[in-house]
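Small disclaimer: the values here were computed from a predicted structure and weren't measured. All chains are named by letter (A, B, ...) in the order of the sequence lines, taking the proteins before the strands, and each is independently numbered beginning at 1.
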2 protein chains.
Amino acid sequence: MKGLTSRQAEVLEFINRFIKNNGYSPSMEDIRIFFGFRSPNAVTCHLRSLINKGYLSKEISKARALRLKFSSSGYGIPVLGKIAAGKPVLIEDFSEGFLFSQEEMKGVFALKVKGDSMKDAHIYDGDYVIVKKNVDINNGDIVAAIVEEEATVKYFRRIKNKVFLIPANPSYKSIEIKENFILGKVTGVFRKL
Amino acid sequence: MKGLTSRQAEVLEFINRFIKNNGYSPSMEDIRIFFGFRSPNAVTCHLRSLINKGYLSKEISKARALRLKFSSSGYGIPVLGKIAAGKPVLIEDFSEGFLFSQEEMKGVFALKVKGDSMKDAHIYDGDYVIVKKNVDINNGDIVAAIVEEEATVKYFRRIKNKVFLIPANPSYKSIEIKENFILGKVTGVFRKL
DNA sequence: TTTACTACTGTATAAAAATACAGTATAATA
DNA sequence: TATTATACTGTATTTTTATACAGTAGTAAA
């Protein structure tokens, strides 16, 4: 894989971001406008370089048919760091990583929380818990489990050979369950506003 | 979400597969040829139905600019519905939609919250707020804004021509800012566990 | 010093792709 | 029974998009 000039890297980066934000490839005209080129040929040349160097492929004469060979893993939500004075024009430039990258989403599902049994852990009715399957679970972790054919969210506690689900609200009782009814570990909480 | 006719489902399925195989959206002509339609309008009508029923979006007059709202290729986190007794083998089968689908992630970034100025709105130190750019903001919405070169999260309130940021914690004061320092509307809160 | 690569301007044209509009036929719904 | 929705045909037109070709200017290696 050959190196890119800084300008070529900028173009590749733009294509990456565009696809991420819009779900489809930019047209050459989109690229031309973004960089302020007065000629469409400026784009043609840059794309040719990126294709020759193996970062990109495209179908001839097809509209918006760019394909990234190496997606810069930028799926997910960029986490914004410090904002430079004035205007945060290109937020992505200040990114400190990503939330919900493809890697993080593997083996993950969400459950909508009903009731207030976990309110002391700041998990409220209507929140979504993000559950990861097949990970180690330790005492004190929050887990999702099946209790009476319903999914529930509780603290996990193993005492000797028994597994208990403990709510984060003293007005609910702890219950004992079989370990194989545990769906996974709660790795996050999300609330729509 | 409305149901699809079998023909509409076929078209959606084709678009899905095409994007998966090619990395870019099919053109209406690609769809026409695949199904053997003699008129481009057949495609137009099918796409309109899919868009009306919420399965698809597209940009007018743009080539290959279809965007799937629910990519079956597993973008986003599936929200699990009722769980049948025993094991939820194929979670996607019980899916009630997706969290963080590509559509939802468009124009979105995250900010890590510092301090407890929004704790009465259940937003705590260390949480991430999900911020959407370029959306309408109304009184009472939670917004992210730049105050003294730092990003902050506060309630939004417009009184006449002035814009105020109001914390959800009585021990902090409200401040007035210029409207163009508002980054976007907070559409969600996420907490890593 | 010639050659090659980068990074473009500028104009013109071709092709691909989307849309507009006028219809037809059938089945389902009110 | 009238209305609406589905599922198309057919033609024409517009818009978008890609490409072609002729140049300019700067840098860097051979």
| Below 4.0 Å: OP1/OP2 of D:dT17 and any side-chain N or O of A:Arg64 | yes
| Between D:dT19, D:dT16, D:dT6, which nucleotide gets closest to the side-chain atoms of B:Ser61? | D:dT16
| said: Rounded to whole Å, please give me the gap between CZ in A:Arg38 and C1' in D:dT24. | reply: 14 Å
| Could you state the CD1-C1' distance from A:Ile51 to D:dT19, rounded to the nearest angstrom? | 13 Å
| task | Let me know the distance between CG of A:Asp30 and C1' of D:dT17, rounded to the nearest Å. | result | 10 Å
| field | Side-chain N or O of B:His46 closer than 4.0 Å to phosphate OP1/OP2 of D:dT6 | value | no
| request: Check the side chains of B:Ser49 and B:Asn52 for a donor-acceptor pair under 3.5 angstrom, ignoring hydrogens and angles. | output: no
| Protein-nucleotide distance (B:Glu29, atom CD; D:dT17, atom C1'), rounded to Å | 15 Å
| said: Just the rounded figure in Å: distance from C1' of D:dT17 to CD1 of A:Ile15. | reply: 15 Å
| request: Would you mind reading off the distance between A:Leu66 atom CG and D:dA18 atom C1', rounded to a whole angstrom? | output: 11 Å
| request: On the 0 to 90° scale, with breaks at 30° and 60°, tag the B:Phe34-B:Phe14 ring pair as parallel, tilted or perpendicular. | output: parallel
| said: So B:Ala63, base contact, sugar-phosphate only, or nothing? Heavy-atom distance under 4.0 Å. | reply: sugar-phosphate
| field | Span of DNA chain C in contact with chain B (heavy atoms, under 4.0 Å) | value | C:dA17 to C:dA22
| message | I want to confirm an ordering. Mapping B:Pro40 and B:Arg7 to their closest nucleotides on DNA chain D, which one lands closer to the 5' end? | response | B:Arg7
| field | Whole-Å distance separating the CE atom of A:Met28 from the C1' atom of D:dT19 | value | 7 Å
| Which residue lies toward the 5' end of DNA chain C, A:Asn41 or A:Ser49, if each is placed at its nearest nucleotide? | A:Ser49
| note | Atom OH of A:Tyr24 and atom C1' of D:dT17 are separated, to the nearest Å, by 14 Å
| message | Is there a path of hydrophobic side-chain contacts, each under 4.5 Å between heavy atoms, that joins B:Tyr172 and B:Val113? | response | no
| message | Is B:Gln8 close enough to D:dA5 that one of its side-chain N or O atoms is under 4.0 Å from OP1 or OP2 there? | response | no
| said: D:dT19, OP1 or OP2 - any side-chain N/O from A:Lys58 closer than 4.0 Å? | reply: yes
| request: For A:Thr44, report the nucleic acid contact type (base, sugar-phosphate, nothing); a contact means any heavy atom under 4.0 Å. | output: base
| query | Between B:Phe37 and B:His46, is the gap from one ring center to the other below 6.0 Å? | reply | yes
| said: Taking atom CD1 as the centre, does B:Ile159 end up with more than 12 heavy-atom neighbours from other residues, nucleotides or ligands that are less than 6.0 angstrom away? | reply: yes
